[in-house]
Amino acid sequence: MAYRLPPCETERRRLVLCTRPLPLKPGSRCSNKSTLFTSVRGSRDLVSFSFTHTPEETCPARAMPSEEPNGCSMELKEGIDNSTFQDEESGDVEQGCAPEETAPQEDRDSGFKQIKPYAGMPKEVLLLYSSQPCYRLPREILFWLTIMLTLALIALTITVIALSPRCLSWWQSSTVYQIYPRSFMDSDNDGVGDLRGIKEKLDHFEYLNIKAVWISPFYKSPMKDFGYDVEDFREIDPLFGTMQDFEDLLAAMHDRGLKLIMDYIPNHTSDRHRWFQLSRNRTQNYEDYYIWANCSRTKPPNNWVSIFGNSSWTYDEDRGQCFLHQFLKEQPDLNFRNPRVIKEMNDVLHFWLEKGVDGFRMDAVKHMLEAPHLRNEPQVDPEQPPDTVDTEFELYHDYTTSQPGLHDIIRGWRVELDKYSREPGRYRFMVTESYDYEEIDKTMMYYGTSFVRESDFPFNFYLLYLPKYLSGQGAFDLVNLWMSNMPEGKWPNWVVGNHDKPRISSSAGAEFVRAINMMLLTLPGTPTTYYGEEIGMENVNVTEIQDPFGKFDPNSTRDPQRTPMQWSAAENAGFSTNKTWLPVHPDYKTVNVEAQKNESESVLQQYRALSLLREAELALQRGWMCYVWSDKDVFAFVRELDGLSRAFLVVLNFGRDAVTDLSWVAGLPDELTVHMSTRYAARGERRRKARLETARGEGLLLEYSTQRRLNSNPAFKCFVSEKACYLSELDILYKC
Ligand code: GLC
Ligand code: MG
């Protein structure tokens with residue numbers, strides 16, 4: 001049948017409408033435009049659309065382009081290959097789509113007018129539509145809607161990331177355990193501990209659920225200060241083993257998921273260090289590696305004194321000048337104002353970071369810089385004859401500690417450590433050692449700021465003073481001192497013993513060891529445990545003094561807290577079969593790891609239970625701490641986490657037997673359940689908050705369930721470092 005095209009479609013490249021369902025066969029009738037457009041999506045070679053309308057019927061005047069008065073709004077533009085189009089003259093109009101039988105005019109009219117833009121349309125056809133005024137507005141709206149939704153999505157993502165609780169890093173979630181390597185385990189039976197010995201005892205850390213181990217220095221050293229006088233920062237002292245032993249130890253630790261923290265001693269080297277030899281000879285580039293000053297053999301450059309006593313200056317015959325040593329004369333101070341020294345010491349960091357160590361404890365950092373003017377330091381007692389001043393406590397250390405520029409050096413180390421912290425799970429940790437006593441703000445500066453980080457935390461030594469202030473109030477004061485001075489968002493930490501201070505079991509009394517361990521492991525932040533504290537080891541009365549500090553002042557000797565670890569009831573407490581470098585405590589037959597493993601309520605068992613609990617309970621690991629009580633006997637605080645109903649009340653008795661009434665604390669239920677007591681109460685026993693009994697030296701850990709949180713009540717003083725809300729639906733925090 002002859003097919004007549006409207007005038008607007010007489011040119012080639014016209015769109016002809018087919019309303020027949022697909023697949024289109026020659027001669028078939030088209031009736032469904034939707035199906036048709038779906039079929040042509042993505043095709044530049046459009047099928048022929050048969051048009052049965054007359055020109056007048058199909059081209060409503062309002063839709064006609066102005067330059068084409070008789071045109072059709074369906075015209076295809078340049079670039080559309082409508083090669084299957086057949087015009088009237090060809091006489092082959094049925095190819096692609098059959099001409100429809102002449103339909104009633106109104107049907108045909110409405111079929112054409114119903115064509116609307118459709119998602120399956122080719123782009124070009126859509127563009128044709130979208131330029132029409134009636135589609136411009138929706139198009140604009142759609143465009144801006146899309147932009148706004150995208151922006152909202154980005155903002156939402158950023159907010160969720162910023163507000164989501166962070167997983168704790170390894171140095172936050174684990175206790176740090178300090179090993180004094182001379183005294184931990186002797187593998188070759190020479191009476192001194194060594195690296196292989198440590199490797200033999202790695203099970204101990206798994207037993208205690210400890211993942212981070214700090215080992216005091218094992219560098220090559222003449223041992224004047226038992227390793228804190230380093231002769232070579234890149235070698236292991238033969239007493240401790242070989243570099244291979246170190247690498248084996250590190251690999252074995254990493255295999256077990258343990259992190260190794262090394263001691264880094266920047267302030268000084270041994271006088272046997274190559275740098276010092278080169279410096280005293282004035283070898284080029286090395287002249288200023290140390291602090292040299294003109295002096296005579298008998299008269300030092302100023303009144304500065306060493307931490308270990310007497311002048312901090314020693315005359316060097318080779319160089320004809322005095323060198324500074326803030327510790328022993330065999331420990332000359334490096335000159336950190338010399339960029340070469342900074343570079344050398346950074347290279348030392350890189351050396352060990354490359355080996356894979358996980359962090360550093362930075363030794364004696366406050367001593368690193370001295371005032372270049374070398375003026376006398378003011379005396380504490382101005383009346384004291386100057387030539388009798390020979391201990392650090394007789395001077396104000398205005399020119400030898402915490403000098404401007406110190407924190408730049410520490411920030412520099414942080415940068416170096418961060419370079420090695422980029423891989424997931426490989427964060428390199430830094431803790432600084434600085435005793436600032438009552439000047440706590442100086443200690444806090446080692447945290448850095450929220451933007452410029454320094455150490456992850458400076459050691460918090462304030463609990464070392466607990467024996468001096470032993471009471472509930474004393475414990476509260478020391479805890480609060482740290483918490484209320486710590487910069488916001490920083491992570492607390494607690495130290496109750498180390499190789500420089502008497503063991504707390506001796507200074508506070510053995511009866512308080514358990515409560516002190518409970519406090520250490522239930523306070524917010526990272527606990528540090530000095531080897532032996534987990535079994536309540538005590539100081540040993542050492543008659544043959546080894547410690548150089550003790551040789552200067554027997555009252556300051558550090559030998560008593562450095563005696564061999566007590567592993568078993570075997571000879572020398574299972575530490576060594578040879579004569580040990582310091583005597584073993586006579587109580588080792590009963591106070592040892594093996595015995596305490598077999599005793600259900602031992603100090604060791606309780607330490608272990610608390611360590612496991614600290615990991616298992618989010619409230620203890622990262623929750624709020626709110627003070628609820630302190631008096632001369634008792635210090636009590638709550639640990640709770642937003643979103644979590646289980647919470648803990650810790651009651652510590654550092655005085656006499658006491659009954660504490662907490663009935664006024666509305667957030668606590670009337671009855672709480674004993675989770676653990678270091679004394680008599682059994683797990684599961686119920687205790688009334690109105691009558692909480694604790695014995696002298698008892699630590700009581702009570703568990704309860706509540707929907708009311710103390711931290712939302714301004715009447716309570718509460719602290720949190722990493723804010724988090726537990727959502728049981730997501731359970732993210734437990735999967736960290
Ligand atoms: C630190 C160490 C101490 C050592 C001193 C000198 O204070 O803890 O043991 O004697 O530095 O390096
Ligand atoms: Mg040995």
Side-chain angles (χ1 to χ4, degrees), residues 176 178-184 193 214-233 237 261-273 276 290-291 304-310 312 314 323-334 336 345 348 360-370 391-393 397 400-402 406 410 430-437 442-443 446 455 458-461 464 495-503 528 530-531 539 542 545-553 556-563 581-582:
V176 172
Q178 183 192 354
I179 289 179
Y180 196 66
R182 294 180 69 88
S183 300
F184 195 62
W214 153 37
I215 309 178
S216 291
F218 44 81
Y219 302 103
K220 185 167 187 220
S221 160
M223 300 289 164
K224 295 287 178 200
D225 190 16
F226 297 118
Y228 281 96
D229 47 328
V230 181
E231 182 177 334
D232 190 332
F233 286 107
D237 195 276
I261 301 163
M262 279 183 72
D263 232 298
Y264 177 76
I265 302 136
N267 178 65
H268 46 263
T269 67
S270 158
D271 58 350
R272 293 238 217 118
H273 197 290
F276 189 70
Y290 295 82
I291 316 283
W304 297 356
V305 290
S306 148
I307 305 299
F308 292 153
N310 295 329
S312 56
T314 293
F323 64 87
L324 177 83
H325 51 89
Q326 295 217 40
F327 293 87
L328 293 177
K329 68 175 181 3
E330 292 86 358
Q331 292 171 299
D333 270 44
L334 281 165
F336 267 86
M345 289 307 286
V348 170
F360 296 94
R361 174 257 189 198
M362 308 316 202
D363 180 77
V365 285
K366 72 173 181 181
H367 301 282
M368 280 202 303
L369 292 176
E370 298 77 21
T391 72
E392 64 160 326
F393 304 104
H397 299 289
T400 53
T401 63
S402 313
L406 168 62
I410 294 168
M430 188 203 315
V431 51
T432 40
E433 185 225 21
S434 178
Y435 287 89
D436 296 298
Y437 305 101
K442 287 195 175 159
T443 301
Y446 295 99
S455 56
F459 268 139
N460 169 3
F461 293 128
L464 292 170
V495 176
V496 295
N498 64 31
H499 62 295
D500 291 328
K501 300 289 165 191
R503 286 191 182 272
T528 298
Y530 182 49
Y531 82 96
N539 276 2
V542 179
I545 291 182
Q546 307 280 328
D547 178 25
F549 200 8
K551 285 179 181 163
F552 170 74
D553 170 15
S556 303
T557 179
R558 298 169 294 177
D559 290 338
Q561 59 265 26
R562 295 176 175 182
T563 59
W581 78 283
L582 284 175

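Keep in mind that what you see is a predicted model, and the values were worked out from it rather than measured. Whatever order the structure lists them in is the order used to number ligands and atoms, beginning at 1. For this chain, numbers begin at 1 and follow the sequence in order. Side chains are part of it too, since the values below use all heavy atoms of this structure and drop only hydrogens, waters and symmetry mates.
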Are any of the side-chain heavy atoms of Q326 and W304 separated by less than 4.5 Å?
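No, their side chains stay 4.5 Å or more apart.
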Measure the acute angle between the ring planes of H499 and Y530, then classify it against the limits of 30° and 60° as parallel, tilted or perpendicular.
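Tilted: the ring planes of H499 and Y530 meet at 30° to 60°.
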Check the angle between the aromatic planes of F308 and F549 and answer parallel, tilted or perpendicular using the 30° and 60° thresholds.
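Because their plane-to-plane angle lies in the 30° to 60° range, the rings of F308 and F549 count as tilted.
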Which residue and non-hydrogen atom of the protein lie closest to [atom], and at what distance in Å?
atom	answer
atom 9 (O) of ligand 1	D500 OD1, 2.8 Å
atom 5 (C) of ligand 1	F327 CE2, 3.7 Å
atom 7 (O) of ligand 1	E433 OE2, 2.9 Å
atom 10 (O) of ligand 1	D225 OD2, 2.6 Å

Assess, by modelled atom type and distance only, whether the side chains of T443 and D436 contain a donor and an acceptor separated by less than 3.5 Å.
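Present: a donor and an acceptor within the cut-off.
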Exercise: do D225 and Q331 side chains pair donor with acceptor under 3.5 Å
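Per modelled atom types, D225 and Q331 side chains form a pair under 3.5 Å.
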Of all the heavy atoms in R361, does at least one lie under 4.0 Å from an atom in ligand 1?
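R361: in contact with ligand 1 (<4.0 Å).
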Run the contact test for F226 against ligand 1 with a 4.0 Å cut-off on heavy atoms, strictly below, and give the result.
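It does not, in that no heavy atom of F226 comes within the 4.0 Å cut-off of ligand 1.
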Only heavy atoms count here, so choose which of L328, N267, D363, D263 is nearest to atom 2 (C) of ligand 1.
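Ranked by closest heavy atom to atom 2 (C) of ligand 1, first place is D363.
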Examine the proximity of ligand 1 to H367 and report which part, side chain or backbone, both or neither, has a heavy atom under 4.0 Å away.
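Within the 4.0 Å criterion, H367 makes no contact with ligand 1.
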Given that the side chain starts at C-beta and the backbone is N, CA, C, O, which of these parts of Q326 lies under 4.0 Å from ligand 1, counting heavy atoms, or is it both or neither?
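Near ligand 1, Q326 shows nothing, with every heavy atom at 4.0 Å or more.
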So, for Y180 and F226, is the gap between ring centers shorter than 6.0 Å?
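For Y180 and F226, the ring centres are not under 6.0 Å apart.
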